[in-house]
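Counting starts at 1 for both ligands and their atoms, following the listed order.
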Amino acid sequence: MKAAIIGLAQSGKTTLFHALAGTSREKGGLTMGTVEVPDPRVDKLTEMYRPKKTIHAALDIVEAHAPSLGGKDKAQGLDPAFLNMVKPMDAFLLVVRAFDGEGLCDPARDVRTVLDDLVLADQMVIENRLERMDLDVRKGKPPAPAEERKALERALELLNDGNLILNDPQLASQHVLRGYAFLTARPILTVVNIAEGQVQNDPATIIESWGLPVKGLPTFPCCAGLEKEIHDLPVQERGEFLEAMGIGEPVLDVVVRRTYAALGLISFLTVGPDEVRAWTIRDGTKAPAGAGTVHSDIERGFIRAEVMSYDDLAELGSEAAVKKAGKARLEGKDYVIRDGDVINFRFNV
Ligand SMILES: Nc1nc2c(ncn2[C@@H]2O[C@H](COP(=O)(O)OP(=O)(O)OP(=O)(O)O)[C@@H](O)[C@H]2O)c(=O)[nH]1
Ligand SMILES: [Mg+2]
């Protein structure tokens, strides 16, 4: 799963990228990084099992440079290079500049500017497609499915009214639209890049004072500069720093978790002396497919899943205690994995 950091020039994209990912790597012309999905359950299980290795769930992120974003020349639409870069992304983190203070910046306006560009890109795709459908009909070709046409028209109507496709979740999730990969149909989270002196203020008050959120997008005030400093600290020193700054939890931990959830992702856990690990699956995944994320052999030879809930394991202290309490379950191939299941797959190949 991949998320792109987007935003106007000088809004704090690179700072946010490093606050999230620390290091970066180059891949196909993109600067990519990996963000661990913070999960207190993984930390607690690591304490319990003292494994050789701990692996958190992860998301890939990129900073999407867009010189044309918010540009004056609307007729040209978005820069094709930017479009190509963001097309394969599953979610957007939209950063806006809010660290200059009242009167010097206008984050709500900036969010609207960026969204307008995304809306325009989707409108162009739909208008072109509808035109082509009409042309085909005139040429006597078989018409496109009525359902697809209806969904496109509905999406265009939404966009023309100034909304995003994601504002109609039912439409956004329609199968016939999937292939279009509309920009405004995927999760968009707004990160309001506030000044260092603002971090102790109430987030809801900050959001309101800037006239946010726009279009109901999940919105998080966050000082990217400070969060980058937190990220650069050795893990042992973070707690003390956060306390000194009067911050409970780094905002970015919350943002990453919300992105994960907005993508419909959950984690199941595996434990043992070698490794404690969170595995990413889509909500609704059944046991054999979940096993397949660990190894294709385990999916192929799937017999049963031994499942306990994280809560039971953490509360009772050991697998033996959970079993003794009758709270360990044996589940078959139709079992739908739940977030926080601790699973041991039985398989035979
Ligand atoms: N005070 C303060 N300054 C920040 C913060 N985040 C970014 N800046 C400053 O804002 C400027 C732009 O930050 P970048 O992270 O480079 O922004 P960007 O969006 O990647 O910029 P471009 O890639 O050039 O579009 C830099 O001078 C940063 O030091 C912050 O949280 N607080
Ligand atoms: Mg940058």
Side-chain angles (χ1 to χ4, degrees), residues 2-35 60-73 78-86 89 91-118 188-203 205-207 209-210 212 217 219-233 238 241-242 244-256:
K2 299 187 267 323
I5 300 175
I6 62 173
L8 300 181
Q10 293 289 294
S11 50
K13 298 181 295 296
T14 301
T15 309
L16 184 70
F17 177 92
H18 288 291
L20 283 164
T23 56
S24 60
R25 59 186 186 274
E26 300 297 321
K27 193 177 160 193
L30 287 182
T31 307
M32 294 204 84
T34 305
V35 201
D60 285 328
I61 52 163
V62 301
E63 174 183 350
H65 299 278
S68 71
L69 212 50
K72 296 272 178 298
D73 193 1
L78 280 175
D79 172 21
F82 174 78
L83 278 176
N84 281 338
M85 178 185 279
V86 297
M89 299 294 150
F92 295 135
L93 299 178
L94 198 178
V95 194
V96 282
R97 187 173 173 117
F99 51 82
D100 301 322
E102 204 90 29
L104 293 169
C105 51
D106 187 345
R109 174 202 58 200
D110 293 350
V111 172
R112 273 188 222 104
T113 303
V114 174
L115 292 180
D116 282 351
D117 279 354
L118 303 182
I188 304 174
L189 289 83
T190 308
V191 176
V192 191
N193 193 6
I194 56 172
E196 283 73 358
Q198 293 269 306
V199 293
Q200 286 163 4
N201 298 350
D202 171 46
T205 311
I206 298 175
I207 290 170
S209 75
W210 287 120
L212 293 162
L217 296 180
T219 298
F220 303 87
C222 153
C223 177
L226 198 62
E227 298 260 343
K228 183 176 172 305
E229 273 180 54
I230 297 170
H231 193 287
D232 290 342
L233 285 175
R238 281 183 202 169
F241 184 80
L242 288 174
M245 297 299 302
I247 310 174
E249 183 186 25
V251 183
L252 290 184
D253 286 8
V254 183
V255 171
V256 172

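- Counting heavy atoms under 4.0 Å from ligand 1, residue V95 does not touch it at all.
- The nearest protein atom to atom 30 (C) of ligand 1, hydrogens excluded, is given as G225 N, 3.6 Å; this is a heavy-atom distance.
- Scanning the protein heavy atoms around atom 7 (C) of ligand 1, the nearest turns out to be T15 OG1, 3.4 Å.
- Nearest heavy atom pair, residue F17 against residue E63, reads CD1-N, 3.9 Å.
- Atom 6 (N) of ligand 1 has as its closest protein heavy atom N193 ND2, 3.1 Å.
- The protein non-hydrogen atom at the shortest distance from atom 8 (N) of ligand 1 is F99 CZ, 3.5 Å.
- Scanning all heavy atoms of the two residues, the minimum distance from A108 to W210 falls at CB-O, 3.4 Å.
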> Taking it one step at a time, do D106 and R112 satisfy salt bridge (charged side-chain N to carboxylate O under 4.0 Å, His left out)?
Replying inline: CA-CA 10 Å; D106 187 345; R112 273 188 222 104; 5.7 Å; no

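- Below 4.0 Å from some heavy atom of A9 lie the following atoms of ligand 1, by number and element: 25 (O).
- Pairing each heavy atom of P250 with each of L242, the nearest pair is CD-CD1, 3.7 Å.
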> Is there a side chain to side chain contact (heavy atoms under 4.5 Å, CB included) between T31 and T14 once you walk through the steps?
Replying inline: CA-CA 10 Å; T31 307; T14 301; over 6 Å; no

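- Put simply, atom 24 (O) of ligand 1 has protein non-hydrogen atoms near it, under 4.0 Å away.
- Residue contact annotation: Q10 places no N/O/S atom under 2.8 Å from the Mg ion (ligand 2).
- Close approach to E196 involves these atoms of ligand 1, each under 4.0 Å from a residue heavy atom: 1 (N), 2 (C), 32 (N).
- Per-residue contacts place C223 under 4.0 angstrom from the following atoms of ligand 1 (heavy atoms of the residue considered): 31 (O).
- Closest heavy-atom contact between A224 and A19: O-CB, 3.9 Å.
- Looking only at protein heavy atoms, the nearest one to atom 17 (O) of ligand 1 is G12 N, 3.0 Å.
- A heavy-atom separation below 4.0 Å is not found between A195 and ligand 1.
- Contact of the R97 side chain with the L8 side chain is not registered, since no non-hydrogen atoms from C-beta on lie closer than 4.5 Å.
- Looking from atom 18 (P) of ligand 1 to the surrounding protein, the closest heavy atom is K13 N, 3.4 Å.
- Contact between E227 and V251 at its shortest, heavy atoms only, is OE2-N, 2.9 Å.
- Distance check, rounded to the nearest 0.5 Å: CG of L252 to CG of L16 gives 5.5 Å.
- Heavy atoms of E63 approach ligand 1 to within less than 4.0 angstrom.
- Judged by distance alone, the side chain of N193 and the main-chain N or O of S11 form a donor-acceptor pair under 3.5 Å.
- Annotation for G33 and A21: closest pair CA-CB, 3.9 Å, computed over non-hydrogen atoms.
- The shortest contact between atom 21 (O) of ligand 1 and any protein heavy atom is with Q10 N, 3.2 Å.
- Scanning the protein heavy atoms around atom 16 (O) of ligand 1, the nearest turns out to be T14 CB, 4.0 Å.
- Nearest N/O/S atom of E63 relative to the Mg ion (ligand 2): this is OE2.
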